[in-house]
J.: 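Got a structure for you, questions after.
As the structure lists them, so they are numbered: ligands from 1, and atoms in each ligand from 1. In this chain, residues are counted from 1 in sequence order. These numbers come from a predicted model, not from an experiment.
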Amino acid sequence: MTAFSRDIIDRFTSLVNAAKRIVIVCHMTPDGDAMGSSLCLMHTLRAMGKHVTAISPDAYPRNLAFLPGASDISVATYHHERVRYALLHANLVFCLDFNDLKRIDRLAPLVEGARCPRIMIDHHLNPAMEGDILISHPEKSSTCALLFEVLKAAGMDRYIDTDAATCCCAGMMTDTGNFAYNANDPALYSILASLMERGVDKDSLYNRLFNTNSLSRIRIMGYCQYAKTLVLPEHRCAIITLSREETREFGYTKGDTEGLVNIPLSIPGIVFSIYLRQDEENYVKVSMRSKGDFSVKEICEKHFGGGGHHNAAGGEIHASFEEAFAKILDIMPECDLMLERMNEDRQ
Ligand code: 5GP
Ligand code: MN
């Protein structure tokens, strides 16, 4: 278990105790960890008698709608007035699973404008935002695991009921591929045991998270692997592309290609993988994954105005699909150099 400083936990406790109206914000296009941590905290704080509004900057994926309390999430792009009101009247704002206000898009001015303390709890590298309390632990595999430890240290874990525990467990599972990677910390399994003691049905959660697919997801995943995966062995790289026409044709909805970018990494010799999805005429979402020392975070920060983790990062390209693909080919020499440097370091 992580030892937090007494000062941090004391300040955390007094901010939470003093607040009546609390807002929780996660990053846009929330994943299991962003939604799971927000909902876990929402349930916990409500059990403590707080008035809580959980906000997502934009719509959450359909496959996470089953999480207990998901329908209580205010989606900023739909519930604009509700979100504005909640932030205007909040006594405390939590920022979960992001560390840069760029990650909440158009919600940023409202969060910045909220005249109340702010607590950030996150596991991404290099925090780039201010807050009254910044709990940043990049060594943690998920914000959910970190949140559980914070709540425990503050003695608030007794308010974590089955629903809160289920949401927490969901984030821990999705950010580790069901404990397949970033999952060597024994503390994770103590947390998991505590959550299961609170009534989490882990097997059924696994089925909902990893074994439930829409027809559009099955088809689009198959299509991308069959027809849209370009392997460049000379660059130890794979590139998957999906155009707007194709997303339309397959009836793509958010979350349908979750995990796609990881698949080429299972090919021996492939060190990094890139997924380009054209979401608008001149907007291409970039997702990158890598193995070992190859930092996709560095590439996404430098070239795609993004960031993330060392082996899992993302960004965006404001250009046509053709220009985006050309930009990827342009950075190949730089990627080759990174690979060479990695090899030299190993020798
Ligand atoms: P994904 O590829 O699953 O969308 O994201 C992988 C990781 O990269 C996540 O941890 C996410 O926080 C980060 N990430 C994805 N897109 C962006 C982006 O546009 N900006 C930043 N800063 N991080 C991103
Ligand atoms: Mn996360």
Side-chain angles (χ1 to χ4, degrees), residues 24-41 56-58 60-61 63-64 94-108 120-129 135-149 167-177 179 181-183 188 209 224 238-240 242 254-265 272-277 279-280 283-290 295-318 324:
I24 302 168
V25 180
C26 67
H27 61 74
M28 58 183 175
T29 31
D31 55 9
D33 192 31
M35 289 242 325
S37 54
S38 296
L39 291 172
C40 171
L41 185 59
S56 171
D58 58 359
Y60 51 83
N63 65 312
L64 294 173
F94 275 95
C95 294
L96 299 185
D97 201 39
F98 67 95
N99 65 11
D100 185 335
L101 289 172
K102 277 195 282 186
R103 295 285 287 139
I104 58 172
D105 203 33
R106 270 173 274 177
L107 202 53
M120 180 199 85
I121 302 179
D122 177 66
H123 70 136
H124 294 86
L125 288 159
N126 310 331
M129 63 187 251
I135 303 180
S136 166
H137 283 259
E139 80 285 2
K140 292 285 164 198
S141 56
S142 62
T143 296
C144 279
L146 177 59
L147 173 67
F148 182 90
E149 292 190 322
C167 296
C168 185
C169 195
M172 288 174 62
M173 288 164 77
T174 50
D175 262 19
T176 59
F179 304 104
Y181 46 80
N182 295 335
L188 278 183
L209 290 169
C224 287
I239 306 172
I240 304 173
L242 197 62
K254 252 184 201 184
D256 273 357
T257 52
E258 187 69 41
L260 176 67
V261 64
N262 294 292
I263 295 173
L265 288 185
F272 67 106
S273 164
I274 306 171
Y275 169 38
L276 299 180
R277 190 186 60 239
D279 284 345
E280 305 285 339
Y283 177 86
V284 178
K285 179 69 199 160
V286 182
S287 260
M288 290 188 74
R289 297 291 184 272
S290 65
S295 173
V296 284
K297 176 177 179 287
E298 204 177 304
I299 306 241
C300 287
E301 275 175 353
K302 187 166 167 198
H303 296 285
F304 309 125
H309 309 277
H310 180 80
N311 291 130
E316 47 198 21
I317 302 176
H318 294 271

J.: So, do F148 and M172 sit near enough that their side-chain heavy atoms are less than 4.5 Å apart?
T.: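 When only atoms from C-beta onward are counted, M172 and F148 do not touch, as no gap falls below 4.5 Å.
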
J.: Counting only N and O atoms by type, is there a donor-acceptor contact under 3.5 Å from the side chain of T257 to the main-chain atoms of L260?
T.: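 No.
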
J.: Looking at side-chain heavy atoms only, is the closest gap between F98 and T143 below 4.5 Å?
T.: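 When only atoms from C-beta onward are counted, T143 and F98 do not touch, as no gap falls below 4.5 Å.
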
J.: May I ask you to decide if G315's main-chain N or O and K285's side chain share a donor-acceptor pair within less than 3.5 Å?
T.: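 Answer holds: yes.
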
J.: Heavy-atom cut-off of under 4.0 Å around ligand 1: list whichever protein residues fall inside it, by chain and number.
T.: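 Contacts of ligand 1 under 4.0 Å: R103, H124, K285, S287, R289, G306, G307, G308, H309, A312, A313, G314, G315.
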
J.: Report yes or no: does N99 contribute a side-chain atom to a donor-acceptor pair with the main-chain N or O of L125 at less than 3.5 Å?
T.: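 A pair under 3.5 Å: yes.
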
J.: Does K254 NZ have over 12 foreign heavy atoms under 6.0 Å away?
T.: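 Enclosed: over 12 neighbouring heavy atoms sit under 6.0 Å from NZ of K254.
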
J.: So, at under 2.8 Å, which protein N, O or S atoms would a careful student list around the Mn ion (ligand 2)?
T.: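 Protein N, O or S atoms closer than 2.8 Å to the Mn ion (ligand 2): D33 OD2, D97 OD1, H123 NE2, D175 OD2.
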
J.: Enter the distance from H303:NE2 to I317:CD1 here, rounded to the nearest 0.5 Å.
T.: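 So the gap between those two atoms works out to 10.5 Å.
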
J.: Relative to each other, are the rings of H123 and H309 parallel, tilted or perpendicular (30° and 60° limits)?
T.: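 Because their plane-to-plane angle lies in the 30° to 60° range, the rings of H123 and H309 count as tilted.
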
J.: Return yes if a side-chain donor-acceptor contact under 3.5 Å exists between N182 and S141, otherwise no.
T.: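 Their side chains do not contain a donor-acceptor pair, so the 3.5 Å distance test is not met.
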
